[in-house]
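Report on one structure; see the data block that follows.
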Amino acid sequence: MYKAPRGTFDILPEEQAYWKYVEDKAVSLCRLYSYQPLSLPIFEDAQLFTRTVGGGTDIVDKEMYVFRDKSGQELALRTEGTAPVCRAYLEHGLFNLAQPVKLYYMGPVFRYERPQAGRYRQHHQFGFEALGDADPALDAEVIQMAWQFFLSLQLSGLSIQLNSIGCKLCRPEYLEALKQHYASYAQRLCPDCEVRLSRNPLRLLDCKKPSCQEIAKTAPKPTEYLCHGCRVHFESVQRYLATLSIPFELNSRLVRGLDYYTRTVFEVEPQGKGGQSSLGGGGRYDELIETLGGNPTPGVGFAAGLERIILNLKAQKRAVRALPRPVAFIAYLGEEAKIEAMKIASELRQAGIPIVMATGDKGLKWQMRQANSSGSRYAVILGKEELANRAVTVRDLGSGEQNSVPMTDIAKTLKRGRE
RNA sequence: GUGAGCGUAGCCUAGCGGUUAAGGCGCCAGGUUGUGGCCCUGGAGAUCGUGGGUUCAAAUCCCACCGUUCACCCCA
């Protein structure tokens, strides 16, 4: 027997209401803020990720699904959405549009990890990006959007963690200071942090080991080393957020696991949870498009994990609207009635009424049971008697009331009952 | 990549050394010759994850493998 590959899963009909709920909120949010939909390929040139997300990050070093196609080109299932959005921005000359360009996307992303609660090899992200404008007001807008997204989902107990990690002007100096600080504790570092010290020092800050956290506590903070431009920017972001009444907590150890971030980084997480619980995150990436060969172009964005959102919706027992059910189930008795029933079903569907047409030539009892489990509001019954009268029997499956309805009036009757 | 728990019908679960592996949900049939839901009766459905070992005897004990879940790590 075949099974879905490890870390992947089917979303069965009974689960779909949650997905629809989240997707609808995402789409209406983007409409509200005038972000436009962008659909992206599932795989990209592998280098798109290695060059932007960065070597030394787990995503690139050990989590990419890389393969060669028949031409020998090295491709990768996408590990995130921001770099592909920027690639599309450059490829299609979207820099010629009025800036900033505001886009959103939704779809699967792939990372080769060991699955656990809220972590999969294929998961789904919803993200939005604003390209071509360095205004801190745009950082604030993106954070506000993220926040409003979770509010609209009726999730509670969340917090926004906010930090600034500087730019190419000020970060080198900071990293130097950070390395010096850690160098004096070299023998007390965990093995992972020893590697981080040389490969990706920023990540030293978010090690969860108590012994390393001690060292991180006294470590210099990125915000202490911001250049003038970055400091002013960060202050503005905070001021704008305050103006918009968006709550946030400064977290000087928030660094994010991707290399392309500059200045603002933020994360939305549930209260009192550990490391792997982040619901979404984002930030500014003013150097990313240049890395991809474009003119220097600032950008800021956010992405959220749909599985984790749904996990939290369930944990908080949020009811979601059920998927629509059929209006009527059409039962028939005998071949002649079957043909008439098929015609009626067809007409009703053309009138926009969702119908389940019985099949299988079984008894009425069986058909009624089907009607019941289909969730239909009505059963429409068509047998010899009805054929003779040119009128069907319409039974309300909620109340059990049942009437004879002329064949010409079925649509009208069913529609009336819908209100 | 590391560690721990768990693998019994489509789903949930009982059985934890001894004859035909038990129950609930769901499914099918019947209780109405043309009427669902509730109820009643009956039925189908399980190589007890796979392989090996211990034993007179293994779903039950041991080992390996596979799968899965959770945690670490990292991230959505």
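Here is how names work: the chains are called A, B, and so on, in the same order as the sequence lines, proteins then strands, and each is numbered from 1.
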Using a distance-only criterion (donor-acceptor N/O pair, under 3.5 Å, no hydrogens), is the base of B/rA76 paired with the side chain of A/Q122?
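Checked by distance alone, the answer is no.
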
Calculate the interatomic distance between [X] atom [atom1] and [N] atom [atom2]; express it in whole Å.
X      : N      : atom1 : atom2 : value
A/D61  : B/rC73 : CG    : C1'   : 14 Å
A/Y2   : B/rG67 : OH    : P     : 15 Å
A/W366 : B/rG30 : CH2   : P     : 12 Å
A/E14  : B/rG26 : CD    : C1'   : 12 Å
A/R6   : B/rG67 : CZ    : C1'   : 8 Å

Pairs involving residues 246-263 of chain A, ordered by first then second residue, that meet salt bridge (charged side-chain N to carboxylate O under 4.0 Å, His left out) (sequence neighbours left out)
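Found A/R256-A/E267.
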
With a non-hydrogen cut-off below 4.0 angstrom, is A/R114 in contact with a base, only sugar-phosphate, or nothing?
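If one applies the 4.0 Å heavy-atom cut-off, A/R114 turns out to touch a base.
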
Using a 4.0 Å heavy-atom cut-off, does A/E307 contact any base of the nucleic acid, only the sugar-phosphate backbone, or nothing at all?
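Contact class for A/E307: none.
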
From A/Q36, A/E129, A/E141, residue fulfilling side chain to side chain donor-acceptor pair (under 3.5 Å) relative to A/K102:
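That would be A/E141.
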
Expected output is a numbered-order residue list: members of residues 41-51 of chain A with a heavy atom under 4.0 Å from any atom of RNA chain B. What is it?
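When residues 41-51 of chain A is checked for heavy atoms under 4.0 Å from RNA chain B, there are no hits whatsoever.
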
For A/E336, all residues meeting side-chain contact (heavy atoms from CB on, under 4.5 Å), sequence neighbours excluded:
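side-chain contact (heavy atoms from CB on, under 4.5 Å) list for A/E336, sorted by chain: A/L387.
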
Under the side-chain contact (heavy atoms from CB on, under 4.5 Å) test, which residues partner A/A134, sequence neighbours left out?
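For A/A134, the residues satisfying side-chain contact (heavy atoms from CB on, under 4.5 Å) (neighbours in sequence not counted) are A/R284, A/P298.
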
Letter per nucleotide, 5' to 3', of nucleotides 32-38 of chain B [B base touched, S only sugar-phosphate touched, - untouched; heavy atoms, 4.0 Å]:
--BBBB-

Can you tell me which stems involve RNA chain B, if a stem is defined as three or more consecutive Watson-Crick or G-U wobble pairs, both distances under 3.5 Å?
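Expected stems, ordered by start: B:1-7 with B:66-72, B:10-13 with B:22-25, B:27-31 with B:39-43, B:49-53 with B:61-65.
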
Pairs of donor and acceptor atoms involving the side chains of residues 146-155 of chain A, under 3.5 Å and at least two apart or interchain, shall be tabulated with distances.
from, atom 1, to, atom 2, distance (Å)
A/Q148, OE1, A/Y33, OH, 2.6
A/S152, OG, A/Q148, O, 3.4
A/S152, OG, A/F149, O, 2.7

For A/Y285, enumerate each residue passing the ring pair (Phe, Tyr, Trp, His ring centres under 6.0 Å) test, keeping only those at least two apart in sequence or located in another chain.
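Only A/Y260 meet the ring pair (Phe, Tyr, Trp, His ring centres under 6.0 Å) criterion with A/Y285.
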
Pairing residues for A/F110 by the ring pair (Phe, Tyr, Trp, His ring centres under 6.0 Å) criterion, not counting sequence neighbours
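Partners of A/F110 under the ring pair (Phe, Tyr, Trp, His ring centres under 6.0 Å) test: none.
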
How about OH on A/Y112, more than 12 heavy atoms from neighbouring residues, nucleotides or ligands closer than 6.0 Å, or not?
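No, OH of A/Y112 has 12 or fewer neighbouring heavy atoms, counting only those of other groups under 6.0 Å.
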
According to the side chain to side chain donor-acceptor pair (under 3.5 Å) rule, which pairs have a member within residues 395-409 of chain A, sequence neighbours left out?
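Every side chain to side chain donor-acceptor pair (under 3.5 Å) pair that includes a residue of residues 395-409 of chain A, provided the two are not neighbours, is A/R395-A/Q402.
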
Can you tell me which residue pairs pass the side chain to side chain donor-acceptor pair (under 3.5 Å) test with a partner in residues 6-16 of chain A, sequence neighbours excluded?
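For residues 6-16 of chain A: A/E15-A/K314.
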
With sequence neighbours left out, what residues match A/T393 under side chain to side chain donor-acceptor pair (under 3.5 Å)?
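Partners of A/T393 under the side chain to side chain donor-acceptor pair (under 3.5 Å) test: A/E386.
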
Does the side-chain ring of A/H123 sit on the six-membered ring of the B/rA76 base, less than 5.5 Å centre to centre and under 30° in tilt?
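A stacking contact exists, since A/H123 sits close and nearly parallel to the base ring of B/rA76.
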
How far does the P atom of B/rC11 sit from the matching atom of B/rG36, given to the nearest Å?
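Rounded to whole Å, the distance is 30 Å.
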
